[in-house]
**Q** 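Can you keep this structure in mind? I'll have questions shortly.
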Amino acid sequence: MREIILNTPGDFAEWRDAARGLLAAEVPPEDIVWRQAGESASLFSDTTPLVPKRVVTLPRDLVTTLDRVICHRDANVPTRLYTIAWRALTDRRLLERRTDDDVDWLAKADKSIRRDLHKMHAFVRFRRLGEDETGRESFAAWFEPEHRIVRLGARFFRKRFYGMDWAILTPDARAIWQNETLTYGPGGTRNEVPDSDVVEAQWRMYYGSIFNPARVKIAAMRAEMPKKYWHNLPEAQDIAPLLAGAGARVERMRETAVQLANPRSDKWRVRGEAEAVIAGETATLEGLARGLQACTRCPIHCNATQAVAGEGKADARIMLVGEQPGDREDLEGRPFVGPAGQLLNEALDEAGLDRAQLYVTNAVKHFKFEPRGKRRLHQNPSTGEIDICRWWLDQERDLVRPDIIVSLGGSALRGLTGKSASIASVRGRPITLAGGETLVATVHPSFLLRLPDRQRAAAERTAFIADLAAARSLAKGISA
């Protein structure tokens, strides 16, 4: 029988080193007795050196769980964890067996540790001790956890209170953050931490300000803030008076309440008035462009410089529909004037089309972007934003009445059909739209600009020009 003495309860590194040697030597759990320092040892324990017989590897998520659960106060934790590790050597999917007794115990113990950590993060209250000659402040806190979680909990406070020196004392151990170094020491007593300080009044004021007497649920409050923690919380002394006065405060709130108008009603009234003005402008393309500047149908307008209406021949036979304005288009107020627009112009020339004889617009009229330093990075509009802006695109279609519409990209395709579809599924075959126009679907010019492979870029550019040439041929066929 092997006897393993653990000097520090809850020390994962100590348990792990011992367990690794035992597992490598293939010592089964029933041949091991785990003891804490100070406990009486057996006179007949096996002290022969361990001989490794295998390489030990365990699933990463299991090791992470063992690291937490070793802090559990159950005296049998070292034994049970070794049993689970022993089984996991031959059963790599052990943690998935939720009905297994060992796995069930491990899950419950881990949940208890996590709950205790949550309470520590929420209920540790630092009290100021003073400051050194450099002005760096130091604080101390007393906490009484259910388990030996100081090592686990201190990581949270190291990140959150990096700029001050502090110590968290518990009956089992203490964590000390000083000179940007985290160390651990023996447990302490409540008397080592001041009873109150100047920060306590701030805690009490904060708690009183967020206390809502109209939403008092005592059972839920006690479940979240168990009474055993109250004697360490500055705000706890105010809980009883606040609860006692909650009813009277609610009654005063009812008496002084002012009935405000429903903000949604006002919003819809203003929007209705604005859209009535816009609707009166839509008799011509020029009026449509003016009305577009007042559009607030979707949030994109909030950051864009201006709305960008379509441009081109008012009775064009062919209409080109892109996705949305880009950075240059947003600044100049015209569609397809940036890098994608320059590529489009070149492709139109090679396809035998004159841009001046076309009508060019976008499915979405405002520029959606993400600020990145001094740059504005393009963001794809959502389907909801495309659908909202479809009203404007329909107005342009009704006024121009083209025979052929070329959709450039997936957003344009949805704006014209009301449905999302891949370009590949509709490319190469004309589609008759509900308004009678013939749809030719192709890619957006910006897609060609993003291709890193030169050979593929050249092939896609050739296909793009072919799609534009097909639209020209269809327009000629209809006119003939």
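This is a predicted model, so every value here is computed, not measured. For the single chain, residues carry numbers from 1 onward in sequence order.
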**Q** Test your reading of the model: is there a side-chain donor-acceptor pair from S425 to the backbone of A421, 3.5 Å cut-off?
**A** no
**Q** Measure from the ring center of F161 to the ring center of F126 and say whether it is less than 6.0 Å.
**A** yes
**Q** Can you tell me how far the CD1 atom of I404 sits from the OG atom of S473, to the nearest 0.5 Å?
**A** 10.0 Å
**Q** Looking at every heavy atom in both V69 and A109, which two are closest together, and how far apart are they?
**A** CG1-CB, 3.8 Å
**Q** Flag the pair K368 / E385 as yes when at least one side-chain heavy-atom distance between them is below 4.5 Å, and no otherwise.
**A** yes
**Q** Before giving the answer on salt bridge (Lys or Arg N to Asp or Glu O under 4.0 Å), spell out for R427 and E460 the whole-Å C-alpha distance, their side-chain angles and the decisive distance to 0.1 Å.
**A** CA-CA 13 Å; R427 193 174 187 179; E460 290 288 353; 3.8 Å; yes
**Q** Between E180 and Y162, is there a side-chain heavy-atom distance shorter than 4.5 Å?
**A** yes
**Q** Determine, for R372 against E370, whether the closest basic-nitrogen to carboxylate-oxygen distance falls under 4.0 angstrom.
**A** yes
**Q** Between F156 and H121, does the ring centroid distance fall short of 6.0 Å?
**A** yes
**Q** Can you tell whether the side chains of D100 and R87 come within less than 4.0 Å, N to carboxylate O?
**A** yes
**Q** From R355 CZ over to I318 CD1, what is the distance, rounded to the nearest 0.5 angstrom?
**A** 13.5 Å
**Q** Can you tell me if N362 uses its side chain to pair, donor with acceptor, with the backbone of K365 under 3.5 Å?
**A** no
**Q** Is it true that a side-chain atom of S112 and a backbone atom of K108 form a donor plus acceptor pair closer than 3.5 Å?
**A** no
**Q** Just by distance, do the side chain of R125 and the backbone of A122 share a donor-acceptor pair under 3.5 Å?
**A** yes
**Q** Is D116 reaching over with its side chain to a backbone N or O of E146, donor-acceptor style, under 3.5 angstrom?
**A** yes
**Q** Heavy atoms, side chains only, cut-off 4.5 Å: are R68 and F12 in contact?
**A** no
**Q** Take Q306 and F367 through the side chain to side chain contact (heavy atoms under 4.5 Å, CB included) test and state the conclusion after the steps.
**A** CA-CA 8 Å; Q306 58 188 315; F367 178 35; over 6 Å; no
**Q** Taking all heavy atoms of Q324 and all of Q379, pick out the closest pair and write down the distance.
**A** NE2-O, 2.9 Å
**Q** When you look at I405 and V321, which way does the side chain to side chain contact (heavy atoms under 4.5 Å, CB included) test go after all the steps?
**A** CA-CA 7 Å; I405 299 181; V321 180; 3.9 Å; yes
**Q** Would you give the length of the straight line joining atom OG1 of T305 to atom CG of L331, rounded to the nearest 0.5 angstrom?
**A** 5.0 Å
**Q** Identify the heavy atoms of A141 and V124 that sit nearest to each other, and give their distance.
**A** CB-CG1, 3.6 Å
**Q** Could you go through D394 and R397, starting from their C-alpha distance and side-chain angles, then the distance that decides it, and tell me whether this counts as side chain to side chain contact (heavy atoms under 4.5 Å, CB included)?
**A** CA-CA 5 Å; D394 288 344; R397 290 170 59 183; 3.7 Å; yes
**Q** State whether the number of non-hydrogen atoms from other residues, nucleotides or ligands found under 6.0 Å of R401 atom CZ is greater than 12.
**A** no
**Q** First locate atom CG of D327, then atom CG of L377, and finally report the distance between them rounded to the nearest 0.5 Å.
**A** 9.5 Å
**Q** Kindly indicate whether the side chain of W177, heavy atoms from C-beta on, has any atom under 4.5 Å from the side chain of M164.
**A** no
**Q** Evaluate the salt bridge (Lys or Arg N to Asp or Glu O under 4.0 Å) criterion for residues R155 and D67: first the C-alpha distance (whole Å), next the side-chain angles of each, then the deciding distance (0.1 Å), finally the verdict.
**A** CA-CA 14 Å; R155 303 168 187 172; D67 185 15; 3.7 Å; yes
**Q** Decide yes or no for L468 and L353: does some side-chain heavy atom of the first lie under 4.5 Å from some side-chain heavy atom of the second?
**A** yes
**Q** Say whether H378 and E323, considering side chains only, have a donor N or O and an acceptor N or O under 3.5 Å apart.
**A** yes
**Q** Would you check if H366 and V308 make a side-chain contact, meaning some heavy-atom pair closer than 4.5 Å?
**A** no
**Q** Would you say the side chain of V406 lies within less than 4.5 Å of the side chain of D467, judging by non-hydrogen atoms?
**A** no
**Q** Pair H444, F464 - check ring-ring contact (aromatic ring centres under 6.0 Å, His included), show working.
**A** CA-CA 9 Å; H444 195 280; F464 179 61; 8.7 Å; no
**Q** Between N179 (side chain only) and T181 (backbone N and O only), is there a donor and an acceptor less than 3.5 Å apart?
**A** no
**Q** Between L94 and V103, does the side chain to side chain contact (heavy atoms under 4.5 Å, CB included) criterion hold? Intermediate values first, please.
**A** CA-CA 7 Å; L94 177 63; V103 176; 3.9 Å; yes
**Q** Mind checking the CD1-OG1 spacing from I113 to T65? Nearest 0.5 Å is all I need.
**A** 11.5 Å
**Q** Which heavy atom in V337 sits nearest to a heavy atom in Q342, and how many Å separate them?
**A** O-NE2, 4.3 Å
**Q** Hey, what do you get for CG (L320) to CG (L408), rounding to the nearest 0.5 Å?
**A** 5.5 Å
**Q** Could you check whether any side-chain N or O of D330 sits under 3.5 Å from a backbone N or O of A304, counting only pairs where one atom can act as donor and the other as acceptor?
**A** no
**Q** I'd like to know if the side chain of E329 reaches the main chain of G326, judged simply by a donor and an acceptor atom lying under 3.5 Å from each other, with no hydrogens or angles considered.
**A** yes
**Q** Taking only Lys NZ, Arg NE, NH1 and NH2, and the carboxylate oxygens of Asp or Glu, determine whether K419 and D387 approach each other closer than 4.0 Å.
**A** no
**Q** Going by the side chain to side chain donor-acceptor pair (under 3.5 Å) test, name the single residue among K313, E311, R317, E396 that passes it with Y359.
**A** E396
**Q** So do the side chains of C71 and R151 get within less than 4.5 Å of each other, counting heavy atoms only?
**A** yes
**Q** Run the salt bridge (Lys or Arg N to Asp or Glu O under 4.0 Å) test on R136 and E131 for me, step by step, so that the C-alpha distance in whole Å, both residues' side-chain angles and the decisive distance to 0.1 Å come before the verdict.
**A** CA-CA 5 Å; R136 186 178 176 92; E131 62 182 45; over 6 Å; no
**Q** Hydrogens and angles aside, do S138 and D165 bring a side-chain donor and acceptor to less than 3.5 Å of each other?
**A** no
**Q** Please give me the minimum heavy-atom distance between S407 and L416, naming the atom from each residue.
**A** CB-CD1, 3.6 Å
**Q** Other residues, nucleotides and ligands only: do more than 12 of their heavy atoms fall within 6.0 Å of CG on D354?
**A** yes
**Q** How close do V364 and P325 get, counting heavy atoms only, and between which atoms?
**A** O-CD, 3.1 Å
**Q** Does the plane of the ring in F157 sit parallel, tilted or perpendicular to the ring in W166? Use 30° and 60° as the thresholds.
**A** perpendicular
